[in-house]
Colleague: 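Got a structure here, written out as structure tokens. Questions coming.
As a basis for the values below, the full set of heavy atoms in this structure was taken, side chains included, without hydrogen atoms, waters or symmetry mates. Just follow the structure's listing: the first ligand is 1, and inside any ligand the first atom is 1.
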Amino acid sequence: MSATFSTAIVVGASSGIGEAMVRKLAAGGTRVAAVARRQGELDRIAAAAGGNVLPFAHDVRDYDATPALFARIVAELGGCDLIVYNAGVMPRVEESEYDFGKDREMIEVNLLAGMCWLDLAAAHMEAQRKGTICGISSVAGDRGRRGNPAYHTSKAGMSTYLEALRNRLSRYGVRVVTVKPGPVDTPMTKGLKLPLMIGVDQAADGALALMRSGASEGYVPAIWGPIMWVIRNVPSTIFRRTNI
Ligand SMILES: NC(=O)c1ccc[n+]([C@@H]2O[C@H](COP(=O)([O-])OP(=O)(O)OC[C@H]3O[C@@H](n4cnc5c(N)ncnc54)[C@H](OP(=O)(O)O)[C@@H]3O)[C@@H](O)[C@H]2O)c1
């Protein structure tokens with residue numbers, strides 16, 4: 001199966017993987033609504049794309065504003081074939097730090113606001129009996145590692161929410177795709193030493209290939225599939241003594 005998209009919304013579009021997906025979708029002829037807080041970055045991306053990108057400045061934690069913005073974007077785009085929820089934050093958390101403010105931001109941006117946007121998209125696509133919903137989750141959602149409990153929780157929640165949406169929506173011809181990247185070199189990971197780091201172009205190409213295929217979910221790059229199979233199967237009593 002191979003899908004092309006006439007219209008798309010990318011939430012979390014102003015840098016990193018989101019910016020690269022917007023650039024590639026627009027270059028392929030898709031009209032893209034690019035959503036994030038930094039208007040200046042969105043304007044730069046729209047100017048470089050030369051007409052196919054519509055910028056919308058928005059903080060995803062402004063839940064009350066989201067339904068009207070979603071409706072406005074669908075009207076201005078002339079539809080919504082694809083929505084990608086990519087917005088995310090991962091503040092640095094020390095080994096013995098328990099900071100509810102940081103935890104709250106991660107759950108709100110990475111998960112709760114994703115549910116706000118994707119609930120709207122799900123209702124729209126269920127009614128039109130077609131469309132593709134994609135969430136950028138992470139390998140981090142496959143296991144609760146000790147380094148950043150709330151980040152892992154946010155991504156595990158996103159993966160489970162997407163699975164449940166898929167189980168609801170597949171009967172209506174709506175696809176739901178879960179993308180689980182490994183480490184990607186972006187502003188989020190600046191200064192971190194992480195294994196098998198890839199660039200944003202490879203990450204965006206891998207994510208878009210999954211959206212265009214018939215896949216329900218996939219790792220980017222695919223090597224993380226067998227790696228995470230092993231990591232998921234390490235017994236908890238051993239896993240807690242490691243930092244993998
Ligand atoms: N980098 C990695 O290694 C990696 C690996 C697996 C998964 N991921 C996931 O990939 C996604 C993209 O991350 P990235 O690495 O490309 O990082 P990034 O360059 O920091 O991009 C994060 C995006 O989220 C947006 N965002 C953050 N808070 C927001 C808010 N309150 N309202 C609206 N937009 C908000 C940012 O836009 P503004 O700041 O302009 O609002 C930006 O466009 C995230 O969900 C991340 O968890 C990343």
Colleague: Can you see which heavy atom on V220 is nearest to which on L210, and at what distance?
Modeller: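 Scanning both residues, the minimum pair turns out to be CG2-CD1, 3.9 Å.
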
Colleague: Quick test of your reading of the structure: of G88, A87, A207, whose heavy atom lies closest to atom 22 (C) of ligand 1?
Modeller: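 Answer by nearest heavy atom: G88.
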
Colleague: Measure the distance from atom 5 (C) of ligand 1 to every protein heavy atom, then report the residue, atom name and distance (to 0.1 Å) of the closest one.
Modeller: G182 O, 3.2 Å

Colleague: Can T178 and S137 be counted as having a side-chain donor-acceptor contact under 3.5 angstrom?
Modeller: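 Distance-only check fails for T178 and S137.
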
Colleague: Under 4.0 Å from any heavy atom of S138, which atoms of ligand 1 are there?
Modeller: 6 (C), 7 (C)

Colleague: Treating H152 as the side-chain partner and R143 as the backbone partner, does any N or O pair qualify as donor plus acceptor under 3.5 Å?
Modeller: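 It does hold such a pair.
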
Colleague: Of all the heavy-atom pairs spanning D142 and R232, show the shortest one and how long it is.
Modeller: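 Smallest heavy-atom distance, with atoms named: OD2-NH1, 3.2 Å.
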
Colleague: Quick check for you: to the nearest 0.5 Å, what is the distance between S216 atom OG and R175 atom CZ?
Modeller: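 With rounding to 0.5 Å, OG (S216) is 7.0 Å from CZ (R175).
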
Colleague: Given V11, V89, V184, I17, which has its nearest heavy atom closest to atom 48 (C) of ligand 1?
Modeller: I17

Colleague: Residue-level breakdown please: for V60 versus ligand 1, do any non-hydrogen atoms fall below 4.0 Å on the side chain, on the backbone, on both, or on neither?
Modeller: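 It is both parts that get close, each with some atom under 4.0 Å.
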
Colleague: May I ask whether H58 has any heavy atom positioned less than 4.0 angstrom from an atom of ligand 1?
Modeller: yes

Colleague: Report, in ascending order of atom number, the atoms of ligand 1 lying under 4.0 Å from any heavy atom of T189.
Modeller: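 That gives atoms 1 (N), 2 (C), 3 (O) of ligand 1.
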
Colleague: Using modelled atom types only, decide if a donor and an acceptor are shared between the side chain of E94 and the backbone of S96 within a distance under 3.5 Å.
Modeller: no

Colleague: Could you tell me the residue and atom name of the protein heavy atom closest to atom 18 (P) of ligand 1, and the distance to it rounded to 0.1 Å?
Modeller: S15 OG, 3.5 Å

Colleague: Of the choices D62, I136, N110, V10, which has the non-hydrogen atom that lies closest to atom 10 (O) of ligand 1?
Modeller: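 It is I136 that holds the nearest heavy atom.
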
Colleague: Starting from atom 41 (O) of ligand 1, find the nearest protein heavy-atom neighbour and note its residue, name and distance.
Modeller: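 Protein heavy atom with the smallest distance to atom 41 (O) of ligand 1: R37 NE, 2.7 Å.
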
Colleague: Do F56 and I9 sit in the same hydrophobic cluster, where Ile, Leu, Val, Met, Phe, Trp and Tyr count as joined when their side-chain heavy atoms come under 4.5 Å apart?
Modeller: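 Shared cluster, yes.
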
Colleague: Which residue supplies the protein heavy atom nearest to atom 13 (O) of ligand 1, what is that atom called, and how far is it?
Modeller: M188 CE, 3.9 Å

Colleague: Do any N/O atoms on T186 end up under 3.5 angstrom from N/O atoms on ligand 1?
Modeller: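 Yes, T186 has an N/O under 3.5 Å of an N/O on ligand 1.
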
Colleague: How long is the gap from CG on D103 to CG on N148, to the nearest 0.5 Å?
Modeller: 7.5 Å

Colleague: For R61 and ligand 1, answer yes if some heavy atom of the residue is under 4.0 Å from a ligand atom, otherwise no.
Modeller: yes

Colleague: Atoms of ligand 1 less than 4.0 Å from G12 heavy atoms?
Modeller: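 The list of qualifying atoms is 24 (O), 25 (C), 43 (O).
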
Colleague: Give the contacting part of D59 toward ligand 1: side chain, backbone, both or neither, where contact means a heavy-atom distance below 4.0 Å.
Modeller: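 Contact part for D59 vs ligand 1: both backbone and side chain.
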
Colleague: Treating R146 as the side-chain partner and E95 as the backbone partner, does any N or O pair qualify as donor plus acceptor under 3.5 Å?
Modeller: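 Side chain of R146 to backbone of E95: no pair is present.
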
Colleague: Can you list the ligand 1 atoms lying under 4.0 Å from a non-hydrogen atom of G16?
Modeller: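 Per the distance check, 16 (O), 19 (O).
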
Colleague: Which residue from A13, A140, S137 reaches closest to atom 7 (C) of ligand 1 through any of its heavy atoms?
Modeller: S137

Colleague: Of all the non-hydrogen atoms in the protein, which one sits nearest to atom 8 (N) of ligand 1, and at what distance?
Modeller: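 Atom 8 (N) of ligand 1 sits closest to the protein heavy atom Y151 OH, 3.8 Å.
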
Colleague: Counting only nitrogen or oxygen atoms and a 3.5 angstrom limit, does K155 reach ligand 1?
Modeller: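 Indeed, backbone or side chain, K155 has an N or O that close.
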
Colleague: At less than 4.0 angstrom from any non-hydrogen atom of P183, what atoms of ligand 1 do you find?
Modeller: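 Result: 3 (O).
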
Colleague: On a heavy-atom basis, I'd like to know which of V22, V139, L194, N86 is closest to atom 11 (C) of ligand 1.
Modeller: N86

Colleague: Side-chain heavy atoms nearer than 4.5 Å, only ILVMFWY residues, links allowed to pass through others: does that put L112 and W117 together?
Modeller: no

Colleague: Can you name the nearest heavy-atom pair linking A8 to L77, along with the distance?
Modeller: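 Looking at all heavy atoms of both residues, the shortest contact is O-CD1, 3.4 Å.
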
Colleague: Measure from the side-chain N and O atoms of D81 to the backbone N and O of F5, and report whether any donor-acceptor pair falls under 3.5 Å.
Modeller: no

Colleague: If I compare all heavy atoms of Y85 with all of A113, which pair ends up nearest, and what's the gap?
Modeller: OH-CB, 3.4 Å

Colleague: What is the closest protein heavy atom to atom 37 (O) of ligand 1, and at what distance does it sit?
Modeller: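 For this ligand atom, the closest protein heavy atom is S14 OG, 2.8 Å.
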
